[in-house]
Amino acid sequence: MAIRRDKLDKLRSLGVEPFGQAYQRSHSAREVVEGFSSLEGKSVSLAGRLNAIRSHGKAAFADLQDQSGRVQIYVKKDIVGDAAFEIFEILDLGDIVGVRGLVFKTKRGEISVQVEQLTLLTKALRPMPEKWHGLKDVELRYRQRYVDLIANPEVRETFIIRTKVVRAIRNYLDGQGFYEVETPVLAAIAGGTTARPFKTHHNALDLPLFMRIATELYLKRLIVGGFEKVYELGRVFRNEGISTKHNPEFTLLELYEAYSDYEGIMTLTENLISHVAQEVLGTQHVIYQGHEVDFTPPWPRARMLDLVKEHAGVDFSLVNSDEEARAMARQAGLTLAPKATFGQALDEVFSEFVEPKLTGPMFVLDYPVEISPLAKRRSDNPRLTYRFEAFLAGRELANAFSELNDPIDQRGRFEQQMEERARGNDEAHEMDEDFLLALEYGMPPTGGLGIGIDRLCMVFAGVDSIRDIILFPLMRPRHD
RNA sequence: GGGCCAUUAGCUCAGUGGUAGAGCAUCCGCCUUUUAAGCGGAGAGUCGAUGGUUCGAAUCCAUCAUGGCCCA
């Protein structure tokens, strides 16, 4: 640091401003390398960070890194002149420069730019991480992602994949006639799923507010209002623990299609993901965590009850009461809370014995009503709903249902959730009178879908931790 | 919340009770087609923090901090 600060003064005394102005570039590093056959002998201008310097006395090679990649530059005293070469010798790894010069190939065959004019654009006051091993310290990689991006080029590729996934989703949905909308992040009630919200406060209205945990209830209001295909691709916030699969804020896609149902949404889901795979990876096949994944539709479908019967050896379709359900869970080897319902018992057994085995992609159908308070009941079995989840690599990828549009049933479900809450489950839904009011105006039969974008991107990028697909994951602030 | 692990130079890492090390980076010298350039030399540390055990602690013990992995 101190040495680099001294260099600032030295540069200024030589008439060089270490924090320069805009620089006109003619090419990117990649363009120079890939377009060599037509660029050889021609003059190009590039800008980027000095990644490596191999000095040879009165000449030097260096690697110039820009967003597209790296290209070697060759700085020769004879050509740039004594003054410029003196300045070049002061430069450090990490400094950002602009160069203009001729494209050529070295004896060893490396495409390079013979520098005629060198411009310092930004002096780096901090040293870069080690060139060979990169930055490995995960704490520093997350806290100082910019250094991670400089030192580990594959990290940029990971995040470019994320960008492409999001773009491909928008392209597909827009092409299907969906409208992208924006609904409130701050609301008096955080609804749409079961999770603890972040609480905040609006000063002028002296109003307690919550940050959204889902976009569901607002998007359904839009269906009531006559929008027929809407989606929101937005950040939601859940005040819960942090793990390789959980970050307190994450990106959720929710979409709603009027006059559709969960069957229609299943088809849409597999087509959407398949489209994204083709757009982003150019293939339907990926290997994730050692499993071969094939996104080609249609995906296998199985009823939750059947999967539980198959993998846990217990048949919940024979159960007639919550008590019998708890007994069946015990038979499968689980101990549950004494008040656990049929739905909770089934879900726990499913999570424990089935979920980890679902490499997928596949659909699991017909979730119990108690854990699906916003989903429509099956007409042939009121304990179950028209709800499915998509699974991939043992993890929930998507959650969808035929939306409950009966305001009276919906009120009953909310009341059931209130009882849950009274029993101490502070993740249960709150009564949302305003949403019920909307439903009373009439919501057409509708299918809805939610997809966790971070987890989806993890599969496409081949990373195992959600923190590796979030640019700036939440960290405890450093205090030193 | 529980268990296990990590924390040593800017970075990557050695160092299991007896004078704090290596490579890269940095600085100085040499070197005009190298590429993890090379050769010679130099500087660089509150060993995460605080206590304790010991003649002596990076090393053993306790607590705390930060992070990671697993579990709830």
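Bear in mind the structure is a predicted one, so any value in this text is a computation, not a measurement. The sequence lines fix the lettering, A, B, ..., with proteins before strands; numbering per chain opens at 1.
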TODO: To the nearest Å, give me how far apart CD1 (A/Ile53) and P (B/U26) are.
DONE: 7 Å
Open item on the list: Does B/C69 have its OP1 or OP2 closer than 4.0 Å to a side-chain nitrogen or oxygen of A/Arg467?
Closed with: yes
Open item on the list: Any base atoms under 4.0 Å from A/Met128, or only sugar-phosphate, or nothing? Heavy atoms, all strands.
Closed with: nothing
Open item on the list: Give me each pair satisfying ring pair (Phe, Tyr, Trp, His ring centres under 6.0 Å) with a member in residues 24-60 of chain A, each pair once, sequence neighbours excluded.
Closed with: A/His56-A/Phe61
TODO: Taking only the side-chain nitrogens and oxygens of A/Arg54, find out if one of them lies under 4.0 Å from OP1 or OP2 of B/A37.
DONE: yes
Open item on the list: From C-beta outward on A/Ser112, which listed nucleotide comes closest to its side chain: B/C69, B/C31, B/U34?
Closed with: B/U34
Task: Main-chain N/O of A/Gly448 paired with A/Glu403 side-chain donor or acceptor, under 3.5 Å - done: yes
Open item on the list: Going by ring pair (Phe, Tyr, Trp, His ring centres under 6.0 Å), name the pairs with one or both residues in residues 304-345 of chain A, residues two or more places apart or in two chains.
Closed with: none
Open item on the list: Determine whether the aromatic ring centres of residues A/Phe363 and A/Phe388 are separated by less than 6.0 angstrom.
Closed with: yes
Open item on the list: For B/U26 and A/Arg4 - does any side-chain N or O of the residue sit under 4.0 Å from the phosphate oxygens OP1/OP2?
Closed with: no
- [ ] Would you indicate whether A/Arg12, at its atom CZ, is surrounded by more than 12 heavy atoms from other residues, nucleotides or ligands within a distance under 6.0 Å?
- [x] yes
Open item on the list: Just to be sure I follow the notation: if a pair is Watson-Crick (purine N1 to pyrimidine N3 plus N6-O4 or O6-N4) or a G-U wobble (N1-O2 and O6-N3), each under 3.5 Å, what dot-bracket string does RNA chain B give, with | for pairs to another strand?
Closed with: (((((((..((((....[..)))).(((((.......))))).....(((((..]....)))))))))))).
- [ ] Go through B/G67, B/C69, B/C24 for me and flag the one nearest to the A/Glu130 side chain.
- [x] B/C24
Open item on the list: Side-chain N or O of A/Arg476 versus OP1/OP2 of B/G67: is the shortest distance under 4.0 Å?
Closed with: yes
Open item on the list: Has A/Asp82 got a side-chain atom pairing as donor or acceptor with A/Phe85's backbone, closer than 3.5 angstrom?
Closed with: no
Open item on the list: Is A/Lys136 close enough to B/C11 that one of its side-chain N or O atoms is under 4.0 Å from OP1 or OP2 there?
Closed with: no
Task: Nucleotide B/A25, atom C1' - distance to CG of A/Leu93 in whole Å - done: 7 Å
Open item on the list: Taking the minimum atom-to-atom distance to the side chain of A/Pro127, which one of B/U32, B/G10, B/U12 wins?
Closed with: B/G10
Open item on the list: What's A/Ser243 touching, base or sugar-phosphate or nothing? Going by heavy atoms closer than 4.0 Å.
Closed with: nothing
Open item on the list: Using only modelled atom types and a 3.5 angstrom limit, is any donor from either the side chain of A/Gln72 or the base of B/U34 paired with an acceptor on the other?
Closed with: yes
TODO: Would you tell me if any nitrogen or oxygen in the side chain of A/Arg108 comes within less than 4.0 Å of OP1 or OP2 on B/U33?
DONE: no
Task: Whole-Å gap separating P (B/C69) and CD (A/Glu139) - done: 12 Å
Task: Sugar-phosphate only, base, or nothing, as touched by A/Gly134 at under 4.0 Å among non-hydrogen atoms - done: sugar-phosphate
Open item on the list: Taking the nucleotide of RNA chain B with the nearest heavy atom to each, does A/Ser55 or A/His133 sit closer to the 5' end?
Closed with: A/His133
Task: Considering all heavy atoms, the nearest A/Leu474-A/Asn247 contact - done: N-OD1, 3.4 Å
Open item on the list: Under 4.0 Å, counting only non-hydrogen atoms across every strand here, what does A/Asp78 touch: a base, just sugar-phosphate, or nothing?
Closed with: base
Task: d(CH2, A/Trp132; C1', B/G23) in whole Å - done: 13 Å
Task: Interatomic distance, A/Ile3 CD1 vs B/A42 C1' [rounded to whole Å] - done: 11 Å
Task: Whole angstrom value for the distance that separates P of B/C28 from NZ of A/Lys7 - done: 7 Å
Task: Given B/U32, B/U12, B/U34, the nucleotide with the shortest approach to the side chain of A/Glu110 - done: B/U34
TODO: Drop me the distance from A/Met266's CE to A/Leu365's CG, to the nearest 0.5 angstrom.
DONE: 4.0 Å
Task: Between B/C28 (C1') and A/Asp6 (CG): distance, integer Å - done: 15 Å
Open item on the list: Please tell me if A/Arg126 has a side-chain N or O lying less than 4.0 Å from either OP1 or OP2 of B/G10.
Closed with: no
TODO: To the nearest Å, give me how far apart CG (A/Asn152) and P (B/U12) are.
DONE: 10 Å
- [ ] For a salt bridge (Lys or Arg N to Asp or Glu O under 4.0 Å) with A/Asp95, tell me which candidate from A/Lys7, A/Arg49, A/Lys123 qualifies.
- [x] A/Lys123
Task: Proximal nucleotide (of B/C24, B/U34, B/U32) relative to the A/Lys131 side chain - done: B/C24
